[in-house]
Amino acid sequence: MGPTTRARFVHNRRRPHNAAASDDDDDEDQQEAESSSSEDEVEDEADEGSSDEAAAAAEPSGREESPTAARGGGRKASITISLKKVCKVCRSTGHEAGFKGAVYIDCPRKPCFLCKMPGSDILDCHTTLTCPHRVAMEHGVIPASKRNTSTSLDYVFQSQVKGKVPKVKPQFLIPNQLECGNIRFHQRRVTCLEFHPTKNNVLLSGDKKGLLGVWDYVKLHEKITYDSVHSCILNSMKFDTTNDGVLYTASSDGTISSTDLDTGIGSSLLNLNPNGWSGPSTWRMIYGMDFNSDKGLLLVADSFGFLYLLDRRLKTKIGHPILIHKKGSKVTSLHCNPAQPEVLLSSGNDRYARIWDTRKLEPNSPFASLAHGRVVNSGYFSPRTGNKILTTCQDNRIRVWDYIFGDLESPSREIVHSHDFSRHLTPFKAEWDPKDYSETVAVIGRYISENYNGIALHPIDFIDTSTGKLLAEVIDPDITTISPVNKLHPRDDILASGSSRSIFIWKPKGGADATEERNREKAKEFVYGSGSRKKSNGKHENSSDDDSDGSSDGKKKKAKKTRFTHTVKGKGKSKA
């Protein structure tokens with residue numbers, strides 16, 4: 001027998017695709033999550049590139065011929081193939097790590113994937129499965145009610161700000177029952193959600209392909225999609241506070257659009273790439289956007305760290321771009337303080353969240369810089385008083401600052417939460433509940449799955465930010481994919497979640513009798529969007545069905561009431 005040749009084979013879960021669609025592989029099922037390293041640099045995000053690191057360096061399998069075979073005679077020697085175990089985390093051989101079903105197996109060379117801490121000594125080392133933060137999220141969280149209120153502004157805070165917060169927490173209803181869903185409403189993964197400010201039952205959504213969807217989830221079948229507003233990822237949308245029929249949208253194509261929701265006609269307010277594509281070094285993308293209603297200003301930040309001010313009425317830029325984060329780093333979010341709109345909170349890839357006074361904006365002169373361990377996905381002021389700050393970081397931490405005028409060197413609390421993944425998902429963002437007067441409840445999707453009666457599900461978590469305690473885990477067996485995009489209704493006890501290409505509506509469970517009566521008369525209703533069919537009367541025929549959402553068709557067919565509807569294409573843009 002000739003010499004033994006060993007080869008390692010790596011199963012490539014990504015499908016080959018051309019340059020134009022190289023950014024469109026966004027499978028959000030568990031298998032997609034397994035193929036990525038937990039220690040990837042967060043700067044290499046899915047919406048900024050299409051190349052993944054190889055799971056392991058595959059050695060070419062060769063054949064060694066015997067001397068007789070080399071001379072052209074005889075039989076070739078037999079080949080022995082050995083399949084080695086390859087770690088998906090550290091890329092070395094000899095052991096395995098990553099997800100197996102709902103269980104995450106830790107790499108022996110890396111710390112706990114959830115809390116990122118190996119322990120003070122060998123005896124304290126733990127795995128992700130036994131991590132104390134997974135068992136009790138409030139583990140290690142120290143409430144600091146008076147920690148950051150020792151400044152000269154403490155009296156103002158106590159008399160003016162804290163007086164507006166009720167002493168008794170109102171009863172909070174968890175929307176934990178799946179009411180209805182729009183299966184594969186979008187052609188690509190959902191990237192943002194927004195409720196209509198005056199029409200309670202209307203939900204707006206954007207996806208990775210730039211499509212804008214409008215859905216009345218009560219009438220279920222009434223929905224419209226505008227596919228010509230943007231050419232790629234729709235990252236953010238805000239309503240005009242003076243006209244609820246106008247929606248501002250920001251996209252990775254470097255444009256800001258003002259869309260009339262009645263006609264679908266969009267007018268361009270800003271285009272950062274007027275000369276078209278000339279390489280990634282010059283292509284500017286827009287992620288962060290917010291609206292200052294007092295001044296009528298639209299604040300926009302690009303992927304190079306610059307802030308732009310737009311006059312809503314004149315539809316023109318004001319002044320020159322201002323560098324607010326490290327040059328060349330992406331600004332991930334912007335948020336104006338609800339009580340003082342001139343105060344701006346920005347977060348970025350340079351591992352900082354910064355507070356600015358927009359009345360005197362100058363480069364490198366923030367009011368405060370809040371340091372984080374890795375990329376900051378989002379930062380939000382509290383919805384009522386604007387006194388607190390809530391940030392989501394890729395280091396599996398949710399950070400809370402109780403007092404923006406106090407000591408901001410360190411957060412009041414750090415809450416360990418599983419959301420360290422953004423390569424094939426929309427980044428996780430913890431958001432306040434706009435109805436919570438106590439400003440303590442936040443909602444965020446979870447990355448690491450849990451085993452519920454043999455099914456691996458990814459819950460949506462409701463967290464008490466004052467203690468770090470987990471208030472509720474929202475799950476449903478029909479949703480087996482990850483839900484990174486979540487939005488709470490500003491007036492009703494309703495939660496909207498975006499999971500893969502589908503969107504779902506959750507409501508609180510009623511009494512036992514009412515629930516049983518409802519289940520007898522009406523099952524969960526699902527309506528199928530254009531993304532679930534290859535063609536829809538010739539519209540959206542280019543929708544890709546290669547993006548798996550990780551759920552089985554058999555489960556979707558259990559819905560008793562299913563309505564197939566048509567979508568309406570947008571009428572296109574008109575130049576301003």
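We're numbering straight along the sequence, starting at 1.
Although no hydrogens or angles enter the test, the distance criterion places a donor-acceptor pair under 3.5 Å between the side chain of T191 and the main chain of G206. Looking only at distances, a side-chain donor or acceptor of N377 sits under 3.5 Å from a matching main-chain atom of F428. Put simply, the side chain of H325 never gets that close to the backbone of L323: no donor and acceptor are under 3.5 Å apart. Using modelled atom types, no side-chain atom of T426 and backbone atom of V485 make a donor-acceptor pair closer than 3.5 Å. Counting only distance, with no hydrogens or angles, the side chain of S412 and the backbone of D402 share a donor-acceptor pair below 3.5 Å. N396 places a side-chain N or O within 3.5 Å of a backbone atom of D420 that can act as its donor or acceptor partner. A donor-acceptor distance shorter than 3.5 angstrom exists from the side chain of N176 to the backbone of K509, with no hydrogens or angles considered. At least one donor-acceptor pair under 3.5 Å links the side chain of N273 to the backbone N or O of R284.
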(message) Could you go through I324 and F306, starting from their C-alpha distance and side-chain angles, then the distance that decides it, and tell me whether this counts as side-chain contact (heavy atoms from CB on, under 4.5 Å)?
(response) CA-CA 6 Å; I324 60 173; F306 287 90; over 6 Å; no
(message) Using side-chain contact (heavy atoms from CB on, under 4.5 Å), reason through L307 and L344 one step at a time and then give a plain yes or no.
(response) CA-CA 11 Å; L307 175 71; L344 175 69; 4.0 Å; yes
(message) Evaluate W356 against H335 for ring-ring contact (aromatic ring centres under 6.0 Å, His included), listing each step before the verdict.
(response) CA-CA 10 Å; W356 305 84; H335 189 220; over 10 Å; no
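For the residue pair S347 and S378, no side-chain donor N or O sits within less than 3.5 Å of a side-chain acceptor on the partner. Of the N and O atoms on the side chains of K507 and Q177, not one donor lies less than 3.5 Å from an acceptor on the other residue. A side-chain donor from one of W506 and S497 sits under 3.5 Å from a side-chain acceptor of the other.
The residues K469 and E138 are annotated as not salt-bridged, no charged nitrogen and carboxylate oxygen being separated by less than 4.0 angstrom.
A cation-pi arrangement is not found for K388 relative to F381, the charged atom failing to lie both closer than 6.0 Å to the ring centre and inside a 45° cone about the ring normal.
Side-chain contact check for E431 versus Y380: some heavy-atom pair is nearer than 4.5 Å. Put simply, the side chain of L234 does not reach to within 4.5 Å of the side chain of K208, judged on heavy atoms. Within the 4.5 Å cutoff, no side-chain heavy atoms of D302 are placed close to those of M285. Residues S92 and H95 form a side-chain contact, since some pair of their non-hydrogen atoms from C-beta on lies under 4.5 Å apart.
Screening H139, E450, H417 for a side-chain hydrogen bond (donor to acceptor under 3.5 Å, both in side chains) with R134, the sole residue that qualifies is E450. Of the options I398, I448, I482, a side chain to side chain contact (heavy atoms under 4.5 Å, CB included) to H419 is made by I398 and by none of the others. The side chain to side chain contact (heavy atoms under 4.5 Å, CB included) test with T465 is passed by exactly one of T440, V141, D436: T440.
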